[in-house]
Amino acid sequence: MTSSSPIIVALDYSRAEDALAMAARLDPARVRVKVGKELFTRAGPDVVRALQDQGFDVFLDLKYHDIPNTVAGAVRAAAELGVWMVNVHASGGKRMMSAAREVLEGAARRPLLTAVTVLTSQTSDDLREVGVARAAEEQVMALAQLTEESGLDGVVCSALEAPLLRRARGEDFLLVTPGIRPEGSASDDQRRIMTPRQAREQGVSYMVIGRPITQAPEPAVVVDEILQSLS
Ligand SMILES: O=c1ccn([C@@H]2O[C@H](COP(=O)(O)O)[C@@H](O)[C@H]2O)c(=O)[nH]1
């Protein structure tokens, strides 16, 4: 089933059973789901297939960052798994991103391909620590330009950068934004955050939301409340 909802629920679990049990409480017509590093490392492609069998579009969030040949092979494998979206790190550079895109040409089912700019857990201070002198926002803008020049579909960024990115990169460029926190939720380890409603107003394409939904007593109710806040 293909959803038109902007919500992607992050299934950050250590056991496939827990991820599938959470998915069973959600509606594939109202959300997509995301499989990240912990769940995939423990449960592998089988959990992706099981979620697809439950009717969900799956964003495989493994943030590939390696030499071009290795990343291209991983992206090809993700396409063969039938995922809806897969991503790489934009800081892997243009040759790496172009190799990832080229391998999808002619794929039977082409997933959306996005690139992580600056993690939503990072601030400009964190970037300085690793030798990046630019402020987070400037770094996001530069990496988004590189991503578009490499032919990818869009970026993973924070909703804070969405207005500038929309202006610079246009309406068709996908903005996928984690760091989404409904009013009153704990920010946890996220640093560049926004509420769902603000994110929508800033022009994001998809919002990745994990703990505020998965740790709620009634996850489907939180999804409904978020969707209502967007309408
Ligand atoms: O910049 C990024 C890129 C990816 N993520 C991932 O999104 C979810 C967010 O989960 P919450 O529980 O809503 O914080 C998580 O899987 C991250 O790996 C991100 O947060 N920021």
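Every number for a ligand or one of its atoms is a count from 1 in the order of the listing.
Between the choices Val118, Val35, Asp189, Thr120, the shortest heavy-atom distance to atom 1 (O) of ligand 1 belongs to Thr120.
At a threshold of 4.0 Å, the pair Asp126-Arg128 does not count as salt-bridged, since none of the basic side-chain nitrogens sits closer than that to a carboxylate oxygen. The residues Arg211 and Asp189 are annotated as salt-bridged, a charged nitrogen and a carboxylate oxygen being separated by less than 4.0 angstrom.
With ligand atoms numbered from 1 in the order given, ligand 1 contributes 11 (P), 12 (O), 13 (O), 14 (O) to contacts under 4.0 Å with heavy atoms of Arg211.
The shell of residues lying under 4.0 angstrom from ligand 1, judged by heavy atoms, includes Val208. Heavy-atom separations between Lys63 and ligand 1 include at least one value shorter than 4.0 Å. A heavy-atom separation below 4.0 Å is found between Asp12 and ligand 1.
Annotation: atom 11 (P) of ligand 1 to nearest protein heavy atom, Arg181 NH2, 3.5 Å. Protein heavy atom in closest approach to atom 20 (O) of ligand 1: Gln190 NE2, 2.7 Å. Closest protein heavy atom to atom 17 (C) of ligand 1: Lys34 NZ, 4.1 Å.
Within 6.0 Å of CZ on Arg110 lie more than 12 heavy atoms contributed by other residues, nucleotides or ligands.
In this structure the side chain of Arg49 reaches within 4.5 angstrom of the side chain of Leu81, judged on heavy atoms. Between Trp84 and Leu112 the shortest side-chain heavy-atom distance falls below 4.5 Å. Looking at Thr70 and Ile67, their side chains come closer than 4.5 Å, going by heavy atoms from C-beta outward.
Every N/O-N/O distance between Val156 and ligand 1 stays at or above 3.5 Å.
Contact between Arg181 and Ala186 at its shortest, heavy atoms only, is NE-O, 2.8 Å.
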